[in-house]
There are 2 protein chains.
Amino acid sequence: MATPQLTKNQTMVMDALSHSEGPLSAYTILDKLRDQGFRAPLQVYRALDKLLEYGLVHRLESLNAFVACTCPHEHEHDHGVTAFTICEGCGQVTEFHDIAIEQRLSALTRAQNFKTEKTTIEIRGHCQSCA
Amino acid sequence: MATPQLTKNQTMVMDALSHSEGPLSAYTILDKLRDQGFRAPLQVYRALDKLLEYGLVHRLESLNAFVACTCPHEHEHDHGVTAFTICEGCGQVTEFHDIAIEQRLSALTRAQNFKTEKTTIEIRGHCQSCA
DNA sequence: TCGCACACGTTATAGCATAACGCAATTGAT
DNA sequence: ATCAATTGCGTTATGCTATAACGTGTGCGA
């Protein structure tokens, strides 16, 4: 899917995530954007929904939080499964992709005739610095 | 970890999950157990915390819900990563384990010197019947 | 110009999870 | 036996996450 021009709200949410060191919850984003006119959670959630749809943002299910995608171009072609390591110490999130895992999961789901729509892989632990 | 004798509350929560067709949210469990004396969310969450610790229950991060483990004995030795397929149609959840994925993830995290504590793999989609 | 799609704004509400307090039962070392 | 520590329990209150429902405005093609 081609990424359309972002609206004003979408741009502000995207910028907040891009400039953040780590993942942000929707309400944290809201707080960051209050100065710029945001008043209600839905303004954030609606923007996030679109950014997720465009593949510019990922949702971290185990944190109820969101991060900017580190390689949005690759997603224009919607390649593959995205996985994350999440450090419990410093909060750092690293996105990665692995074709072997993707193929293995694909084989396993095909074996049970399961039609995959979205795959979540999140690894919680401690990064090198925080070990 | 050896599983200790469950307390009364833990047993009731475990039974609710075991007898359920699919995953249950904490508040759904609470509602099911009101007749048996449950009054507050914490009663459920505290029981769930222990059941998770004992490996008798899994948390589905993408649903904010819980399921009984389908193979609790294997977990007594704390083998491996648990993965799930989750059908958006009928709600059916299938737990599975795959050593190849586990090894691949292990290699990838070791490469970034990341110390894994918990791995979440959840595949949303449609099962054979609901495709 | 009419109708439609879409983004937006607001209020209210629903759903998920934990903080903080105190009490009761158990255990186990002295 | 007794005291201290641990663990589970019950309750109230609160906080965080997410969506429902309604209406407004704008752009654009039939």
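So that the names make sense, note that chain A is the first sequence line, chain B the second, and so on, each numbered from 1.
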If each end axis of the helix from C:dT1-D:dA30 to C:dT30-D:dA1 is fitted on five C1' pair positions, the angle between them, to 10 degrees, is 20°
Per-nt protein contacts along nucleotides 20-27 of chain C (heavy atom under 4.0 Å; B base, S backbone sugar-phosphate only, - none) come out as B-------
Scan side-chain atoms only and decide if A:His97 and A:Glu95 contain a donor-acceptor pair under the 3.5 Å cut-off. yes
Sorted by chain and residue number, the ring-ring contact (aromatic ring centres under 6.0 Å, His included) partners of B:Phe84 (sequence neighbours excluded) come out as B:His58
Residues pairing under side-chain hydrogen bond (donor to acceptor under 3.5 Å, both in side chains) where one sits in residues 83-94 of chain B, two or more places apart or in two chains, turn out to be A:Gln112-B:Thr85, B:Glu88-B:Arg124
Between CD of B:Glu61 and C1' of C:dA17 the distance, given in whole Å, is 13 Å
By salt bridge (Lys or Arg N to Asp or Glu O under 4.0 Å), B:Lys32 pairs with (sequence neighbours left out) none
The correct set of residues in residues 8-29 of chain A placing a heavy atom under 4.0 Å from DNA chain D is A:Ser25, A:Tyr27
- Task: Answer whether the closest heavy-atom distance between the side chains of B:Ile123 and B:Ile86 falls below 4.5 Å.
- Result: no
Should A:Gln43 be listed as having a side-chain N or O under 4.0 Å from OP1 or OP2 of C:dC8? no
Residue set satisfying side-chain contact (heavy atoms from CB on, under 4.5 Å) with B:Ala65, at least two apart, ordered chain then number -> B:Pro23, B:Leu63
Residues passing the salt bridge (Lys or Arg N to Asp or Glu O under 4.0 Å) test with B:Glu122, sequence neighbours excluded, are none
Sequence neighbours excluded, the answer for salt bridge (Lys or Arg N to Asp or Glu O under 4.0 Å) partners of B:Arg110 is none
Whole-Å distance, B:Leu52 CG to C:dC16 P, equals 16 Å
The first and last nucleotides of DNA chain D lying within contact of chain A, meaning any atom under 4.0 Å from one of its heavy atoms, run from D:dT17 to D:dA21
Point to revise | Neighbour count above 12 (heavy atom, 6.0 Å) for A:Lys118 NZ | key: yes
Across all chains, not counting sequence neighbours, the salt bridge (Lys or Arg N to Asp or Glu O under 4.0 Å) partners of A:Asp49 are none
*Do you see a donor-acceptor pair shorter than 3.5 Å between the side chains of A:Thr120 and A:Glu61?*
no
To the nearest angstrom, the OH-C1' distance between A:Tyr45 and C:dT10 comes to 17 Å
Applied to residues 14-24 of chain A, the salt bridge (charged side-chain N to carboxylate O under 4.0 Å, His left out) test, sequence neighbours excluded, yields none
Correct closest heavy-atom pair for B:Ala131 and B:His126 would be CA-CB, 4.0 Å
When rounded to whole Å, the CG to P distance for the pair B:Leu48 and C:dC16 reads 13 Å
Rounded to whole Å, CD of A:Gln5 lies from P of C:dC6 at a distance of 17 Å
B:Leu30 atom CG is separated from C:dA14 atom P, nearest whole Å, by 16 Å
Of B:Lys50 and B:Asn64, the one whose nearest nucleotide on DNA chain D sits closer to the 5' end is B:Lys50
